[in-house]
Amino acid sequence: MALVPELEVADADPAGDLEALEALADWCVRYSPAVAVDAPDGLFMDVSGVTHLWGGEGALLDDLTARLAAGGIPARAAIADTPGAAWALARFSPVRIAPPGGQASLLEPLPVAALRLDAAAAQLPRLGLTKVGRVMSLPRAQLTRRFGKGLVLRLDQALGHAEEALTFRRPANPWFERLAFFEPISAPDDLARAASDVVALLCARLEREGKGARRFEVAFHRLDGKQQRAAAGLSLPGRDAARIARLIAPKLDVIDPGFGIEVVTVIAEGVEPISARQQRLDAARETAAEEQIAPLVDRLANRLGEARVFRSAAFESHIPERSVVRRAPLARVAVGGWDLERPRPVRLFRRPELIEAVALLPDDPPRLFRWRGRTHTVRKAEGPERIGAEWWRQPIDEVSSVQVRDYYRVEDEDGGRFWLFRAGLYAEGQPPRWWLHGLFG
C-alpha cells in the first residue's frame with residue numbers, strides 16, 4: 001500500500017466469489033444452455049449450434065463482452081474447438097476465434113502457463129521450455145516420464161486429441177431457441193406473444209427432425225440479469241406449438257418483468273423420436289385413446305401439479321399397501337393386474353386405522369365395530385383372507401405370527417362396505433387388535 005497508495009484492499013471471500021461466479025453462469029444461459037463454472041475466475045460455454053442466433057461467433061463474443069463491461073465486469077473471451085484452447089486464447093492471445101482444427105498453430109507461441117499446468121509441470125520454464133510449441137515438439141514418452149501424465153493430458157485436451165468433461169450448471173441441451181428484442185418488453189400480452197413465438201421456433205425444429213418433447217421451459221431474461229421461468233409438461237411427446245403455448249399462458253401471471261425483458265429462451269427436455277401421423281383415410285376411424293385424453297391430462301397436470309395426476313397400477317406383492325403403485329397417467333402398464341378372485345377396496349388407506357371391534361373368536365368376523373366415533377353394526381361379512389408378512393424382506397429372526405393379518409369384507413346396516421383385518425393370530429389372554437384398511441364404495 002505504501003508503493004501503490006490508490007490500492008484498494010479487501011478480505012478474501014472465496015465462497016462469495018464462487019457464488020457470484022455461479023450467478024454469472026446462470027446469467028450466461030441467454031447465450032447458451034450449457035454453461036460450466038471454471039473457478040475462480042472463468043466460465044466455459046458450449047456454443048455449438050447457437051452462434052447463428054447472434055449473427056456469428058464474432059457477434060456473440062462482442063455482445064457478451066460488451067454486456068459484461070457495461071455491468072462493471074471486464075472480461076476476455078475466445079472460441080475454439082476445445083475448452084483448453086479457448087481457455088488459453090482468452091488469457092494469453094489476442095486471437096479471439098480459432099478456425100476449425102487450427103488451434104495448434106495458435107497455441108505454439110503462447111507461454112506454457114496456457115496449458116493449465118499442475119505444480120510439477122509448472123517447472124517447465126526453469127528448464128527453458130517457455131512456449132507451448134517447445135513442449136509440443138518433445139517426445140510424449142519423455143514428457144510423461146519427467147513431468148507425469150498431467151502435462152500430456154492437458155496438451156492433448158487443448159489440441160483435441162483427448163476429451164475433457166465439463167460439469168455444466170444445467171445438463172447440456174441442444175434443443176434451445178432464443179428471441180431477442182430491440183426494446184425491452186413487460187406487458188403481459190407481449191410476454192405471452194413472445195413465449196408463443198419462441199416455442200413455435202423450437203417446435204418447427206423438432207418437426208424437421210421428426211422428434212417431440214415432454215417438457216418445455218421458457219425463460220424470461222430481465223435487464224437486471226435475473227431470470228423468470230415458466231414450464232409446461234406433456235404426458236406424451238409433442239410439438240404442437242399452439243397447444244404448448246396455451247399450457248404456458250396461465251403461468252405467465254407470476255412472471256415479474258422488472259424493468260423489462262430483453263431476451264426470451266426456451267429449451268425442450270425429454271426429446272424423443274415420434275412418427276409423423278398420416279391423416280386418416282377413414283373419417284369415422286377413431287384416434288387412439290391416449291391421444292384423445294392427452295390434452296385433458298396435460299391441462300390437469302399443469303394446473304394441479306404433475307405429482308397430483310397419476311394412474312394406479314398393480315405391483316407384484318400380496319401385501320395390500322404394496323400391491324399398487326403410481327404411474328404416469330398415460331404410461332404403458334405391463335399386462336397383468338389384480339386377482340379378481342380377491343377383490344380389493346376402491347379406496348385403500350395409506351395407513352390402516354385402528355378400530356374397536358367385537359367378534360367371536362378365533363376366526364369369526366366382527367359383529368360390530370367403532371370407527372371415527374361412530375358404531376357400525378355388521379349385517380354381512382365374508383372372510384377371512386389370511387395374508388402373511390413378506391419374510392424375505394426382513395431378517396428372519398424378526399418374522400413372527402404378529403405380522404399375520406386376517407382380512408374380512410363386511411357390510412353394515414346402512415350399506416357401507418369396509419375392509420377390516422385382525423392383526424396377529426388369536427392367543428389366550430391377549431386381546432386382538434382390529435384395523436380398518438379401506439372402503440369399497
Side-chain angles (χ1 to χ4, degrees), residues 293 297 300 304-305 307-441:
I293 199 174
V297 171
L300 293 175
L304 304 177
R308 297 186 177 183
V309 182
F310 59 90
R311 68 184 298 183
S312 298
F315 182 77
E316 292 186 357
S317 174
H318 61 275
I319 301 300
E321 56 266 31
R322 297 192 65 250
S323 63
V324 59
V325 292
R326 292 185 177 186
R327 300 296 188 203
L330 300 182
R332 296 188 179 275
V333 179
V335 178
W338 293 279
D339 187 356
L340 299 181
E341 298 297 328
R342 295 183 294 178
R344 295 294 182 254
V346 175
R347 180 186 175 190
L348 186 70
F349 295 161
R350 186 181 298 273
R351 294 182 179 86
E353 298 186 12
L354 185 64
I355 61 174
E356 300 175 6
V358 177
L360 298 177
L361 298 178
D363 294 327
D364 282 5
R367 295 297 181 89
L368 60 87
F369 63 93
R370 186 174 182 81
W371 175 54
R372 294 183 179 180
R374 181 182 175 186
T375 301
H376 300 261
T377 301
V378 177
R379 183 175 64 177
K380 296 180 180 180
E382 183 180 5
E385 176 190 346
R386 179 160 293 179
I387 297 178
E390 294 181 338
W391 56 267
W392 57 89
R393 298 177 59 86
Q394 55 187 318
I396 190 64
D397 56 352
E398 296 182 7
V399 179
S400 68
S401 60
V402 178
Q403 298 170 326
V404 175
R405 304 175 184 176
D406 285 336
Y407 278 88
Y408 298 86
R409 295 186 295 274
V410 303
E411 181 179 331
D412 67 4
E413 293 180 337
D414 296 329
R417 303 181 66 212
F418 307 88
W419 206 37
L420 315 176
F421 72 87
R422 185 187 66 238
L425 301 177
Y426 172 73
E428 189 70 29
Q430 181 178 352
R433 304 184 69 191
W434 288 86
W435 305 79
L436 177 62
H437 204 167
L439 305 175
F440 282 95

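Note: hydrogens, waters and symmetry copies are ignored here, and every other heavy atom, side chains too, is used.
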**Message:** Any non-hydrogen side-chain atom of Arg367 less than 4.5 Å from a side-chain atom of Val378?
**Reply:** no
**Complete:** For Pro365 and Ala359 the tightest heavy-atom approach is O-CB, 3.6 Å
**Between CZ on residue Phe421 and CZ on residue Arg405, distance to nearest 0.5 Å** = 4.5 Å
**Item:** Positive for side chain to side chain contact (heavy atoms under 4.5 Å, CB included) with His437, one of Glu321, Arg351, Arg347
**Value:** Glu321
**Request:** Check each of Phe369, Tyr407, Phe440 against Phe418 using the ring-ring contact (aromatic ring centres under 6.0 Å, His included) test, and report the only one that passes.
**Result:** Phe369
**Prompt:** Is the count of non-hydrogen atoms from other residues, nucleotides or ligands lying under 6.0 Å from Arg372 atom CZ greater than 12?
**Reply:** yes
**Prompt:** When rounded to the nearest 0.5 angstrom, what is the spacing between CH2 in Trp371 and CG in Leu354?
**Reply:** 13.0 Å
**Prompt:** Knowing that exactly one of Lys380, Arg379, His376 qualifies, which makes a side-chain hydrogen bond (donor to acceptor under 3.5 Å, both in side chains) with Glu411?
**Reply:** Arg379
**Fill in**
Between Arg344 and Ile387, the two heavy atoms sitting closest are NH2-CD1, 3.9 Å
**Prompt:** Are Tyr408 and Glu382 side-chain neighbours, meaning at least one heavy-atom pair lies under 4.5 Å?
**Reply:** no
**Message:** Using every non-hydrogen atom in the two residues, find where Val410 and Ala381 come nearest and quote the distance to one decimal.
**Reply:** CG1-CB, 3.8 Å
**Asked** Hey, what do you get for CG (Asp406) to CH2 (Trp434), rounding to the nearest 0.5 Å?
**Response** 7.5 Å
**Prompt:** Salt bridge check: are Asp412 and Arg374 linked by an N-O gap of less than 4.0 Å?
**Reply:** no
**Request:** Report the distance from atom CG of Asp363 to atom CZ of Arg422, rounding to the nearest 0.5 Å.
**Result:** 5.5 Å
**Request:** Give the minimum heavy-atom separation between Leu436 and Phe349, together with the two atoms involved.
**Result:** O-CD1, 3.6 Å
**Message:** What's the separation between atom CG in Leu420 and atom CH2 in Trp435, rounded to the nearest 0.5 Å?
**Reply:** 13.0 Å
**Asked** Rounded to the nearest 0.5 Å, how far apart are CG of Leu368 and CD of Glu356?
**Response** 10.0 Å
